[in-house]
Protein chains: 2
Amino acid sequence: MIDARGLRMTPVRRRTLEILLERHGALGAYEILERLSADGFGHQPPVAYRALDFLVENGLAHRIRRLNAFAACQHPGQEHHAAFLICRLCNAVAEIAADKLRATLIASSAATGFDLERTSIEALGLCPACIESAPA
Amino acid sequence: MIDARGLRMTPVRRRTLEILLERHGALGAYEILERLSADGFGHQPPVAYRALDFLVENGLAHRIRRLNAFAACQHPGQEHHAAFLICRLCNAVAEIAADKLRATLIASSAATGFDLERTSIEALGLCPACIESAPA
DNA sequence: CTGTGCGGGTTATAGTATTACATAACGCCT
DNA sequence: AGGCGTTATGTAATACTATAACCCGCACAG
């Protein structure tokens, strides 16, 4: 049960990822927990949080802090750093590449002596669909 | 009680800002609430959250999502957009300019039809002081 | 004055996340 | 195969963060 990269993709973890993939967009930990427990897994928060931590840690999912939620990664397997565009009306989450942004950020922070390890870049606004349907 | 910009800097709000300024770094809403209530203001969460929302809304403080905390703005009065460098050991928060980053982000997101309104850019890592004291 | 809006106080509750501990499964080594 | 250390899963309990809803009072405009 260990894949090429040394990952242990156990049943809870796999199911958690599937749940995230089924939904396009972000899901809260407790929504995920409901589904997991409906599928026979544990009923307590740590069950969901642990699986989610694992997925995030291994680049299979992202945590969207502004929504206190999680979303499946759109480009798993590729080393990449993402930024998220979050619609304030429909809560849709789009993932865009942020490698350049991150490089800039690393440069700026290095200038202050800070050793940057992880970034989280999120933006709030209106998605194309909501711009259509919501007039000025 | 209305300043040049039309801001109502009431006693709770002023005190909240002072509390943030006294501490270099970020403070949770409940820590702030404790101090406010010790100073004779209300004892309930909305007291703190409302004051903080006001300060954030008016560019006098920032919300640090990764820490679920708030910090006084280092450059109040100036229109600017900030990014935050958060030390994972001591939780110190440094504010750096992010106007360029934001411009890049706006450009990228516009390409997808997204109308970007607000950004939150945070990075986790080690501050200079903790790099010193924590060897590899 | 007096009505209106904003600020601030309260109670109550919703929502998010973690600690701590016990048990079970796995991977590895002999 | 058997035993052992490590990792994963499950549970209970609780901590932490945030918001909703309602009331009152004051400042200001009319």
Side-chain angles (χ1 to χ4, degrees), chain A residues 1-17 19-20 26-58 60-71 86 88 91 120 122 124, chain B residues 1-3 5-20 26-58 60-71 86 88 91 120 122 124:
Chain A
M1 271 249 196
I2 299 185
D3 88 348
R5 282 160 298 177
L7 297 188
R8 287 166 186 74
M9 186 52 78
T10 62
V12 215
R13 290 168 175 177
R14 181 185 310 284
R15 183 73 193 113
T16 302
L17 182 54
I19 290 169
L20 287 177
L27 242 59
Y30 279 73
E31 284 179 87
I32 290 164
L33 178 58
E34 270 181 42
R35 305 196 184 199
L36 286 176
S37 76
D39 289 350
F41 297 101
H43 304 254
Q44 306 300 326
V47 171
Y49 281 104
R50 282 194 290 235
L52 288 165
D53 285 349
F54 171 85
L55 295 174
V56 169
E57 202 63 31
N58 294 105
L60 299 169
H62 300 287
R63 182 173 205 147
I64 313 294
R65 299 204 94 96
R66 184 150 223 137
L67 300 176
N68 292 320
F70 300 81
I86 304 162
R88 69 171 155 79
N91 278 352
S120 98
E122 302 179 3
L124 197 68
Chain B
M1 271 254 196
I2 299 184
D3 89 347
R5 282 161 297 176
L7 297 189
R8 287 165 186 73
M9 186 52 78
T10 62
V12 215
R13 291 168 175 177
R14 181 184 312 284
R15 185 68 192 117
T16 302
L17 181 54
E18 286 169 6
I19 290 168
L20 287 177
L27 242 59
Y30 280 73
E31 283 179 89
I32 290 164
L33 178 58
E34 269 182 41
R35 306 200 184 197
L36 286 176
S37 78
D39 289 350
F41 297 102
H43 304 254
Q44 306 303 324
V47 171
Y49 282 104
R50 280 194 290 236
L52 289 165
D53 285 349
F54 170 87
L55 295 174
V56 169
E57 203 62 31
N58 293 105
L60 299 168
H62 298 287
R63 182 173 204 147
I64 312 295
R65 301 204 93 97
R66 184 152 223 137
L67 300 176
N68 291 321
F70 300 81
I86 305 162
R88 69 171 155 79
N91 278 354
S120 98
E122 302 180 1
L124 197 69

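Letters A, B, ... are given to chains in the order of the sequence lines, protein chains preceding strands, and every chain is numbered from 1. Every value quoted in this text rests on a predicted model; they were computed, and no experiment measured them. Excluded from the calculations below are hydrogen atoms, water molecules and symmetry mates; all remaining heavy atoms, backbone and side chain alike, are included.
- As rounded to whole Å, 12 Å separates atom P of dA18(D) from atom CD of E31(B).
- Residue Y30(B) places a side-chain atom within donor-acceptor reach of the base of dA18(D), judged by atom type and a 3.5 Å distance cut-off alone.
- A search for side chain to side chain contact (heavy atoms under 4.5 Å, CB included) contacts involving Q44(A) returns P46(A), not counting sequence neighbours.
- The distance between atom CE of M9(A) and atom P of dG27(C), rounded to the nearest whole Å, is 15 Å.
- For N91(B), the side-chain hydrogen bond (donor to acceptor under 3.5 Å, both in side chains) criterion is met by no residue, not counting sequence neighbours.
- Checking I32(A), V47(A), L33(A) one by one against T16(A), the side-chain contact (heavy atoms from CB on, under 4.5 Å) holds for a single residue, I32(A).
- Here F70(A) contributes atom CZ and I19(A) contributes atom CD1; the two are 13.0 Å apart, rounded to the nearest 0.5 Å.
- The bend of the helix from dC1(C)-dG30(D) to dT30(C)-dA1(D), defined by the angle between the axes of its first five and last five pairs, stands at 30° to the nearest 10°.
- For the contact set between residues 38-49 of chain A and DNA chain C, defined by any heavy atom under 4.0 Å, the members are P45(A), P46(A), Y49(A).
- Not counting sequence neighbours, R35(A) has no partner by the side-chain hydrogen bond (donor to acceptor under 3.5 Å, both in side chains) test.
- To the nearest 0.5 Å, atoms CG (L27(B)) and CD1 (I64(B)) are separated by 11.5 Å.
- Applying the salt bridge (Lys or Arg N to Asp or Glu O under 4.0 Å) test to pairs two or more places apart or on separate chains, none has a residue in residues 42-51 of chain B.
- Taking atom CG of D53(B) as the reference point, atom P of dA20(D) lies 11 Å away to the nearest angstrom.
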Distances for protein N/O vs nucleotides 5-8 of chain D N/O pairs under 3.5 angstrom?
{"from": "dA8(D)", "atom 1": "OP1", "to": "R13(A)", "atom 2": "NH1", "distance (Å)": "3.2"}
{"from": "dA8(D)", "atom 1": "OP1", "to": "R13(A)", "atom 2": "NH2", "distance (Å)": "3.4"}

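- Separating the CZ atom of R65(A) from the P atom of dT17(D) is a distance of 12 Å, rounded to the nearest angstrom.
- Rounded to an integer number of Å, the gap from L33(B) CG to dC16(D) P is 14 Å.
- For dT16(C), the OP1/OP2 oxygens have no side-chain nitrogen or oxygen of N68(B) closer than 4.0 Å.
- Rounded to whole Å, atom C1' of dT16(C) lies 14 Å from atom CD of E34(A).
- At dT17(D), none of the side-chain N or O atoms of R66(B) fall inside 4.0 Å of OP1 or OP2 (strictly under the cut-off).
- Residues forming a side-chain hydrogen bond (donor to acceptor under 3.5 Å, both in side chains) with D39(B) (at least two apart in sequence, or on another chain): R15(B).
- Pairs passing the salt bridge (Lys or Arg N to Asp or Glu O under 4.0 Å) check and including a residue from residues 60-69 of chain B, sequence neighbours excluded, do not occur.
- Among residues two or more places apart in sequence or in another chain, the side-chain hydrogen bond (donor to acceptor under 3.5 Å, both in side chains) test is passed with E34(B) by none.
- In this structure, I32(A) places its CD1 atom 13 Å from C1' of dT16(C), rounding to the nearest Å.
- For the atom pair L17(A) CG and L52(A) CG, the distance stands at 10.0 Å (nearest 0.5 Å).
- For dT10(C), the OP1/OP2 oxygens have no side-chain nitrogen or oxygen of R50(B) closer than 4.0 Å.
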